[in-house]
Amino acid sequence: MSDCPATSNWMSASPDSTAPLVGICILSALSAVAFASFYYKEVLGFKIQRHKLYDNGVSMLFAFRVLAMGPGFQSLMKITASTTRRRLYSGYRRFLFCGREIWTAGHPALLKHIFTPANAKLWRKVDKPLLTRIFFQTEKPNNAMLYTGDDERWKHARETWSPFFTKTDFSAHDAQIDEVVEKHLHRLLKYRQGRAELLELLLFITVDLLCQVLYGAALPQDELNVLVEALSEYTVPATPHRGAYPGGLDCYDYHRKVAKEISDKAPDGVFVKIIMKDEHMSETNRYENCAFFLEALTPVFASFWTLCNVLLKSSHESNIKDVCLQDPVFREKCIKESLRMYPPVPVLWARIANKTHSFDNPLYDATVEDNRGILGRIFSKPDFRTVRSITIKKDTMVFTVPACLHYDDRFWLNPEEFLPSRWDKDPSIIKSNTTTVRLARKTCWGALALSKDEDIEARLSHEKASLSEKKSAYDSSAVPLRYKLFGASEEGDVEVENYEHFKVVSENEDYMAWSFFPFGLGQHMCLGRRLAVKFVDGIVANLLAYDIKFANGNPPNLFKRHWTDRLNAVSAVYNYPADPVYVEFGDIKGDIQRIEAMFAAATKQKRKTRFTTMDLAMINELPLDEDDEKCAILLITCQNEFLDPKGKLFHKVKDVMEKLETKKHLKELLNAGIESQSLIIHAPVEISPTENYDIPGFDEWKVSSLEGMFVPGSWNSELHEDTAASSDDIILGARKSPDLVAGTSLLSVLRNNEINKLFIAGLLTDVSIEHTVKELSKHLKGAITLHPVSDATAAYTMEAQTATFKTVLPKISQPVTTAEALNMLAY
């Protein structure tokens with residue numbers, strides 16, 4: 001025991017010396033009980049506060065609750081939703097007991113005071129360096145216009161860029177939007193059986209559109225894949241995921257690097273060219289602003305929630321999808337209502353008071369008296385309704401959570417319902433005169449939808465009179481049952497609350513213009529909102545056209561929760577949905593099911609004939625082959641570059657060719673063609689060192705960037721020995737694109753030789769084979785039967801090979817195997 005001084009001292013202590021210790025223990029226990037009670041009732045929010053409608057101001061309780069739920073935007077949004085409802089503001093001090101006040105706005109009157117042009121000198125927008133210091137953050141410097149507050153850089157950028165966003169006719173991009181959406185749905189058809197996670201699909205579509213419309217850049221698919229992942233990680237800084245990006249860069253530096261590269265190559269006429277030509281900006285500032293617009297992912301989230309709302313509504317309004325697709329005005333209402341319910345951003349950029357000043361309290365009520373006693377006036381706050389004006393101290397910072405005000409039932413009738421009809425008198429989407437239009441709306445927005453002819457003073461007097469003693473409806477002298485069950489005090493509070501709520505609603509017409517702001521407010525309102533809405537409109541219309549629906553027809557559990565639990569405000573950038581939402585497309589699923597049914601029926605037949613599985617009468621009632629049909633074999637890109645181990649591209653197709661035995665089947669097909677006296681057509685490709693392979697549209701494998709491949713006159717461009725040409729064969733002229741119809745004389749060769757059946761083999765399956773079959777199908781219109789040979793072709797991956805033959809080519813041709821082709825050529 002002697003080795004333990006603390007124990008020895010304790011054991012040797014006199015009985016009198018233990019008294020303070022016991023007292024300390026008792027006090028500690030009482031403190032712990034008090035703190036636990038405080039934590040349970042106040043911090044976690046279990047204490048009933050339904051009648052404390054006017055608890056306004058700064059308090060430590062707000063900060064404690066945020067910390068208890070976990071510091072982050074998700075907890076901030078939830079606490080704000082509960083504490084600012086029917087209040088003017090709530091907040092805390094930076095250091096709890098001292099420091100600048102940090103508010104979250106709870107009433108449009110405060111927003112009107114902050115953002116109205118007449119008060120521009122009273123407030124300024126916080127810049128990023130100050131924001132990071134206040135919240136003890138460390139971030140990389142960024143001088144893009146969003147982060148520069150109200151300084152000259154922002155003013156210059158606004159003046160220079162506004163004409164593009166306000167005067168450009170973005171309807172010129174309709175066809176481009178259609179093409180991009182169709183491209184990504186085509187990938188779903190090939191690789192995902194027409195099923196997708198909706199947010200992921202929309203991220204790919206939107207980033208692709210941003211690159212093409214603002215930067216004039218059509219990125220290869222593999223580069224787009226990496227960019228989408230980088231941008232997704234960047235907008236969710238709390239994620240534990242850390243992607244591996246080229247050059248060892250992180251997500252922030254990588255997407256900025258891509259933005260710099262495509263900005264340098266931007267053609268004239270696109271937006272970023274305006275930035276790149278701006279001599280008033282430094283080079284660093286130009287590139288940072290170019291990168292900023294690559295982060296503009298608002299259309300992703302606006303499209304996501306609009307589509308989800310329409311699909312949910314279709315469960316009991318079966319025609320809403322058709323109406324939304326066919327009626328652009330109704331579609332705009334759906335978009336605007338979705339922006340109200342799910343504004344894309346969790347919080348607006350903060351504003352700071354430049355000096356101490358006051359403004360009239362919109363909740364002031366002259367009929368409410370301050371009945372506090374002397375001690376109450378010393379130690380408690382007055383009822384907020386008795387305060388005529390609000391004092392805002394210098395350096396007070398005010399944040400705004402749009403969703404909280406968008407769900408305020410003082411301004412919105414049934415705010416948790418998706419009601420496109422609430423915009424019937426405001427069908428034009430997000431225009432500069434929106435405020436004027438809204439002010440004319442009056443009571444059609446009001447929470448109680450008061451009649452325009454109703455005398456509001458008489459109605460208020462009636463409501464106030466109804467607060468007198470309640471009587472049972474069944475006995476004039478009996479106390480109502482609710483008063484007996486819940487107590488007169490509780491029920492009296494309810495009546496007072498209802499009366500006060502009614503009063504507040506009747507006085508809110510002046511603030512309606514400030515209760516809807518998905519794109520921000522004031523001079524800093526989102527510059528590109530017109531283009532964003534155009535993207536959303538095009539994306540929503542296109543996906544509805546392909547019969548989008550929830551996967552398996554089941555609405556996700558996400559929409560069975562309260563609205564605050566549907567959003568995952570993981571960053572200051574965007575309101576991500578809390579759960580994944582899987583969708584499928586009826587048009588694509590129908591094609592897949594039809595094709596699979598054809599193969600299944602053909603397998604059951606087990607017919608050993610010269611007809612292909614797609615020639616059965618049950619498939620579009622196609623006629624059987626005639627004995628005198630003339631056949632031809634088209635061998636595409638069967639050159640050393642692909643087929644010889646020394647070729648530069650052999651290693652890319654080696655695995656697929658070995659699995660399918662492509663080289664063996666090519667040789668067998670060629671020999672069978674010679675024996676059957678079929679016409680043999682060779683289609684080589686040649687690319688001059690000064691030219692690129694021309695891929696129209698979407699170049700998944702970056703074939704267009706090949707250099708030093710298929711050089712004219714080189715060994716690499718020669719036909720492989722297994723598919724060498726004879727004097728009887730036709731060799732089409734060298735081409736530099738995958739489209740043989742436009743790049744060679746293939747059509748005239750087929751017509752001049754009166755070909756009835758064409759077998760197509762070679763490389764690459766999802767590039768030249770697919771392009772050629774599509775174009776031949778379009779031009780020949782069934783005059784020649786097209787038979788791509790599934791195991792005499794190859795792609796870079798087995799996934800691409802299988803997907804192309806299973807879901808793409810069967811729609812426009814009749815694929816066969818080499819064995820089936822040999823059988824058909826033998827007759």
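A heavy-atom distance below 4.5 Å is not found between the side chains of Val180 and Phe535. Side chains of Pro362 and Leu88 form a contact here, defined as non-hydrogen atoms less than 4.5 Å apart. The shortest side-chain heavy-atom distance between Glu332 and Trp423 does not fall under the 4.5 Å cut-off. Using a 4.5 Å heavy-atom threshold, the side chains of Leu339 and Pro344 count as touching. In this structure, the side chains of Val583 and Leu307 stay at 4.5 Å or more apart for every pair of heavy atoms.
Side chain of Arg256 to main chain of Ala291: no donor-acceptor pair is present (N/O by atom type, distance under 3.5 Å, no hydrogens or angles). Between the side chain of Arg530 and the backbone N or O of Gly528, no donor-acceptor pair lies under 3.5 Å. Formation of a donor-acceptor pair under 3.5 Å by the Asn542 side chain with backbone atoms of Gly538 is found in this model. Between the side chain of Ser315 and the backbone N or O of Leu312 there is at least one donor-acceptor pair closer than 3.5 Å. Checked by atom type and distance alone, the side chain of Tyr574 pairs as donor or acceptor with a backbone atom of Leu297 at under 3.5 Å. At distances below 3.5 Å, not a single donor-acceptor pair connects side-chain atoms of Asp537 with backbone N or O atoms of Val533.
Put simply, CZ on Arg124 and CG on Asn354 are 5.0 Å apart, with the number rounded to the nearest 0.5 Å. Expressed to the nearest 0.5 Å, how far CG of Leu227 lies from SG of Cys251 amounts to 11.0 Å. The structure places CZ of Phe301 at 9.5 Å from CG of Leu202, a figure rounded to the nearest 0.5 Å. The distance from atom CD of Glu179 to atom CG of Leu209, rounded to the nearest 0.5 Å, is 10.0 Å. To the nearest 0.5 angstrom, Asp565 atom CG is 10.0 Å from Trp563 atom CH2. One finds the CG atom of Leu122 at 8.5 Å from the CD1 atom of Ile392 (value rounded to the nearest 0.5 Å).
Of all heavy-atom pairs spanning His156 and Met281, the tightest one is CD2-CE, 4.3 Å. Minimum interatomic distance between Ala302 and Val536 (heavy atoms only, all atoms of both residues): CB-CG2, 3.6 Å. In this structure, Glu417 and Glu337 approach most closely via the heavy-atom pair O-OE2, 3.2 Å. Smallest separation of non-hydrogen atoms from Leu210 and Leu294: CD1-O, 3.8 Å. Across all their heavy atoms, Arg422 and Pro415 have their closest contact at NH2-CA, 4.4 Å. The nearest pair of heavy atoms linking Cys290 to Ser263 is CB-OG, 3.3 Å.
Ring planes of Phe293 and Phe271: perpendicular class, angle over 60° (limits at 30 and 60°). The aromatic rings of Trp123 and His357 sit perpendicular, their planes meeting at an angle over 60°, well past the 30° parallel limit. By the 30° and 60° cut-offs, the orientation of the rings of Phe170 relative to Phe165 is tilted.
One finds no salt bridge joining Arg286 and Asp278 here, because no Lys/Arg side-chain nitrogen approaches an Asp/Glu carboxylate oxygen to under 4.0 Å.
With sequence neighbours left out, the ring pair (Phe, Tyr, Trp, His ring centres under 6.0 Å) criterion links Phe359 to His113. A search for side chain to side chain donor-acceptor pair (under 3.5 Å) contacts involving Lys313 returns nothing, not counting sequence neighbours. Applying the side chain to side chain donor-acceptor pair (under 3.5 Å) test to Asp322 and every residue at least two apart in sequence or in another chain returns nothing. Tyr215 is linked by a ring pair (Phe, Tyr, Trp, His ring centres under 6.0 Å) to nothing, counting only residues two or more places apart in sequence or in another chain. Evaluation of the ring pair (Phe, Tyr, Trp, His ring centres under 6.0 Å) rule for Tyr254 yields Tyr245 as partners, not counting sequence neighbours.
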Under the criterion side chain to side chain contact (heavy atoms under 4.5 Å, CB included), I'd like the reasoning laid out for Asp174 against Lys534: C-alpha separation, chi angles, the key distance, then a yes or no. CA-CA 8 Å; Asp174 284 345; Lys534 168 56 69 176; 3.3 Å; yes
Tell me, with the steps shown, if Tyr407 and Thr564 meet side chain to side chain donor-acceptor pair (under 3.5 Å). CA-CA 10 Å; Tyr407 278 89; Thr564 55; over 6 Å; no
Output, in order, the C-alpha distance, side-chain angles, deciding distance and verdict of side chain to side chain contact (heavy atoms under 4.5 Å, CB included) for Leu531 and Leu214. CA-CA 10 Å; Leu531 179 59; Leu214 295 182; 3.6 Å; yes
Can you check side chain to side chain contact (heavy atoms under 4.5 Å, CB included) on Thr235 and Glu295, steps first, answer last? CA-CA 8 Å; Thr235 55; Glu295 302 159 8; 5.6 Å; no
Before giving the answer on side chain to side chain contact (heavy atoms under 4.5 Å, CB included), spell out for Met341 and His406 the whole-Å C-alpha distance, their side-chain angles and the decisive distance to 0.1 Å. CA-CA 7 Å; Met341 295 181 70; His406 289 187; over 6 Å; no
Checking Asp579 against Arg566 for the salt bridge (Lys or Arg N to Asp or Glu O under 4.0 Å) test, could you report, in this order, the C-alpha distance in whole Å, the side-chain angles of both residues, the deciding distance, and whether it holds? CA-CA 7 Å; Asp579 288 350; Arg566 297 175 202 159; over 6 Å; no
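For residues 197-208, the set of pairs meeting the side chain to side chain donor-acceptor pair (under 3.5 Å) definition, not counting sequence neighbours, comprises Lys183-Asp208, His184-Asp208, Asp208-Gln212.
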